Amino acid sequence: MTNKISLLIYIFIILLAAGCATLQTDYEEPSVVITDFRSIPSGGIAPRFEIGLHIINPNRTALDLKGISYTVKLEGHKVLTGVSNKLPLIDAYGEGDVKLAATADLFGSISLLTDMIQNQRNAFRYVLDVKMDTGGFRPNIRVRKEGNISLAPE
């Protein structure tokens, strides 16, 4: 009986080691670039927007995204949120474009407008938080883009 248990433990350790050997240790986080931002028709009171993202996969395995969620903040006020599960397979060392429909957060937008009225400025700080779910055993990929949007004429 002891020999059978020892054999099972030995087989389990070998299978575990073989599984770990196939994990990619030099995995690089994909990069995400905003390529498009435009208004689209809305059926309700909150405006809707389409955000274009360009995703670059610098890895030797394909990026099979299962889902994506995102939030856009302006001056610290959450103004856009959305999710999507209609995503392309991005080949190894490949690129892909994603179009996301985002709905404006009505209360966050009102807070932003109030802030804009009280504090006149020519530029706004934005933060884009994106979470990409690759499924499987790999953790979610989180990307944060920050910058300024200038309203002043150039």
Side-chain angles (χ1 to χ4, degrees), residues 15-154:
L15 290 175
L16 184 63
C20 290
T22 61
L23 293 176
Q24 187 175 346
T25 58
D26 60 343
Y27 184 79
E28 275 187 64
E29 204 167 85
S31 45
V32 177
V33 179
I34 302 170
T35 58
D36 189 28
F37 189 90
R38 65 183 184 92
S39 178
I40 57 176
S42 171
I45 192 169
R48 292 182 48 83
F49 299 90
E50 183 177 79
I51 301 171
L53 300 178
H54 185 72
I55 301 173
I56 300 167
N57 180 12
N59 297 292
R60 64 178 173 227
T61 56
L63 184 59
D64 187 11
L65 296 173
K66 303 299 181 197
I68 191 168
S69 66
Y70 49 93
T71 302
V72 177
K73 294 180 182 177
L74 290 174
E75 290 299 322
H77 303 280
K78 184 168 69 169
V79 293
L80 295 174
T81 57
V83 296
S84 180
N85 61 2
K86 295 179 175 108
L87 303 165
L89 175 72
I90 300 173
D91 292 329
Y93 300 107
E95 304 177 19
D97 292 312
V98 176
K99 295 288 186 186
L100 306 170
T103 303
D105 181 313
L106 195 57
F107 292 113
S109 299
I110 290 171
S111 296
L112 175 64
L113 288 173
T114 303
D115 187 24
M116 287 173 58
I117 291 169
Q118 292 174 352
N119 305 309
Q120 304 246 339
R121 51 177 73 100
N122 290 331
F124 294 91
R125 180 140 186 84
Y126 76 86
V127 176
L128 169 68
D129 284 313
V130 178
K131 180 180 79 168
M132 296 181 280
D133 180 7
T134 58
F137 298 109
R138 203 172 267 138
N140 291 332
I141 299 167
R142 295 183 185 272
V143 177
R144 174 174 270 218
K145 297 288 182 185
E146 299 181 42
N148 291 307
I149 299 171
S150 176
L151 301 178
E154 293 185 21

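Please read all numbers here as calculations on a predicted model, not as lab measurements. For reference, positions follow the sequence shown, starting with 1.
- Using a cut-off of 4.0 Å between Lys/Arg side-chain N and Asp/Glu carboxylate O, Asp129 and Lys131 are scored as not salt-bridged.
- The distance from atom OG1 of Thr134 to atom CG of Asn140, rounded to the nearest 0.5 Å, is 6.5 Å.
- Side-chain contact between Leu63 and Leu89: absent, with no pair of heavy atoms (C-beta onward) separated by less than 4.5 Å.
- Between the side chain of Ser84 and the backbone N or O of Leu100, no donor-acceptor pair lies under 3.5 Å.
- Between the NZ atom in Lys73 and the NZ atom in Lys78 there is a gap of 7.5 Å [rounded to 0.5 Å].
- The list of salt bridge (Lys or Arg N to Asp or Glu O under 4.0 Å) pairs with a residue in residues 83-95, not counting sequence neighbours, is empty.
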Could you walk me through whether Glu146 and Arg144 pass the side chain to side chain contact (heavy atoms under 4.5 Å, CB included) check? CA-CA 7 Å; Glu146 299 181 42; Arg144 174 174 270 218; 3.2 Å; yes
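- Under the side-chain hydrogen bond (donor to acceptor under 3.5 Å, both in side chains) criterion, Thr103 pairs with Arg48, sequence neighbours left out.
- Considering CD of Glu29 and CG of Asn59, their distance stands at 10.0 Å, rounded to 0.5 Å.
- At distances below 3.5 Å, not a single donor-acceptor pair connects side-chain atoms of Lys99 with backbone N or O atoms of Glu50.
- Each of Val143, Ile68, Ile56 was evaluated against Val32; a single residue qualifies, Val143, per the side chain to side chain contact (heavy atoms under 4.5 Å, CB included) test.
- Shortest non-hydrogen contact noted between Tyr70 and Ile51 is CE1-CD1, 4.2 Å.
- The distance from the CZ atom of Arg142 to the CE atom of Met132 is 11.0 Å, given to the nearest 0.5 Å.
- Between Leu53 and Asp97, the closest side-chain pair of non-hydrogen atoms is not below 4.5 Å.
- In terms of heavy atoms, Asn148 sits closest to Tyr126 at N-CE2, 3.6 Å.
- Counting heavy atoms from C-beta on, the side chains of Leu87 and Ile55 never come closer than 4.5 Å.
- Side-chain atoms of Asn57 do not come within 3.5 Å of backbone N or O of Pro30 as any donor-acceptor pair.
- Closest of all the heavy-atom pairs between Phe49 and Leu80 is CD1-CD2, 3.4 Å.
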